[in-house]
Amino acid sequence: MNKWQHILKEQAAAHGQEHVGKELGVSKTVVSQLINDKYPGDLKRMQKLVEGAYMNRMVHCPILGDIALHQCDKHQGNTSTSNPIRLRLYRACRSGCDHSVLPIKKQFKRIAMTVNTDATAAKRYSADAVYSRLERQSVTDGGGLRQLCELLKQELKAMELRYNRLLTQGQPSAASSNLTRSENEK
């Protein structure tokens with residue numbers, strides 16, 4: 001039994017096979033088969049799910065940044081394109097992302113999330129415009145208030161990624177700040 005299977009077994013013993021299955025996006029039967037070394041399916045995929053959920057294995061998504069490996073697998077199965085972020089994920093997963101197991105579709109161009117730090121060319125963010133767009137999208141899709149909340153949550157996560165990326169781009173490296181301190185002490 002591999003390390004990831006031992007961890008899966010521990011989690012199932014602690015939380016139950018049904019809970020672990022829901023967390024991984026598989027049935028409790030699959031969890032049982034994995035624990036008992038009787039799973040006939042794709043073990044590499046199951047290993048990725050367990051490593052992402054319980055072993056903190058991360059990958060860099062071109063759209064969302066660093067995400068858990070099992071979340072990457074979940075996004076690859078996405079077929080909904082009614083949401084702007086899901087659309088970008090759909091295209092990125094099918095256009096040659098290093099972590100995707102899906103076949104490449106030639107009609108998609110890889111969409112990379114870039115942050116423009118040039119103040120003159122930067123597009124201003126309008127919270128009112130975004131809220132209006134998400135509200136219209138929720139009404140059009142018939143999702144109501146629950147879908148609107150989910151869309152707003154996803155928009156906030158995207159904003160968090162952009163904001164944090166800007167913060168990390170603007171910070172000087174530790175080596176250069178130490179050099180500056182030593183020069184000031186002279």
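All of these numbers come straight from a predicted model, not from anything done at the bench. Excluded from the calculations below are hydrogen atoms, water molecules and symmetry mates; all remaining heavy atoms, backbone and side chain alike, are included.
Rounded to the nearest 0.5 angstrom, I85 CD1 and R88 CZ are separated by 8.0 Å. Rounding to the nearest 0.5 Å gives a distance of 7.0 Å between NZ of K44 and CD of Q47. Expressed to the nearest 0.5 Å, how far SG of C93 lies from CD of Q76 amounts to 5.0 Å. How far CG of L8 is from CE of M55: 11.0 Å, rounded to the nearest 0.5 Å. T79 contributes atom OG1, which lies 9.0 Å from atom CZ of R86 (distance to the nearest 0.5 angstrom). Put simply, CE on M159 and CG on N164 are 10.5 Å apart, with the number rounded to the nearest 0.5 Å.
Side-chain atoms of V30 and S27, non-hydrogen and from C-beta on, do get closer than 4.5 Å to each other. Residues M46 and V26 form a side-chain contact, since some pair of their non-hydrogen atoms from C-beta on lies under 4.5 Å apart. Under the 4.5 Å side-chain criterion, counting only non-hydrogen atoms from C-beta, V101 is in contact with K48.
The nearest pair of heavy atoms linking N78 to R94 is O-NH2, 3.2 Å. Nearest heavy-atom pair across I7 and Y54 is CG2-CB, 3.7 Å. Of all heavy-atom pairs between I35 and A12, the closest is CD1-CB, 3.5 Å.
The main-chain N or O of K28 is never found under 3.5 Å from a side-chain atom of S32 such that the two would form a donor-acceptor pair.
A donor-acceptor contact closer than 3.5 angstrom links the side chains of Q154 and N83. In summary, the side chains of H6 and E10 do not present any donor paired with an acceptor at a separation below 3.5 Å, with no hydrogens or angles considered.
Considering H15, E23, Q17 as possible partners of H19, the one that fulfils the side-chain hydrogen bond (donor to acceptor under 3.5 Å, both in side chains) test is E23.
Under the 4.5 Å side-chain heavy-atom criterion for ILVMFWY residues, no single connected hydrophobic cluster contains both L89 and L102. Connection of V50 to L43 is established within a shared hydrophobic cluster, with ILVMFWY side chains joined at heavy-atom distances below 4.5 Å, either directly or through further cluster members.
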Donor-acceptor pairs are to be reported for all side-chain atoms of residues 56-70 against protein atoms at under 3.5 Å, with residues two or more places apart or in another chain.
{"residue": "R57", "atom": "NH1", "partner": "E51", "partner atom": "OE1", "Å": "2.7"}
{"residue": "H60", "atom": "ND1", "partner": "D66", "partner atom": "OD1", "Å": "3.1"}
{"residue": "H70", "atom": "ND1", "partner": "G52", "partner atom": "O", "Å": "3.3"}
{"residue": "H70", "atom": "ND1", "partner": "A53", "partner atom": "N", "Å": "3.1"}

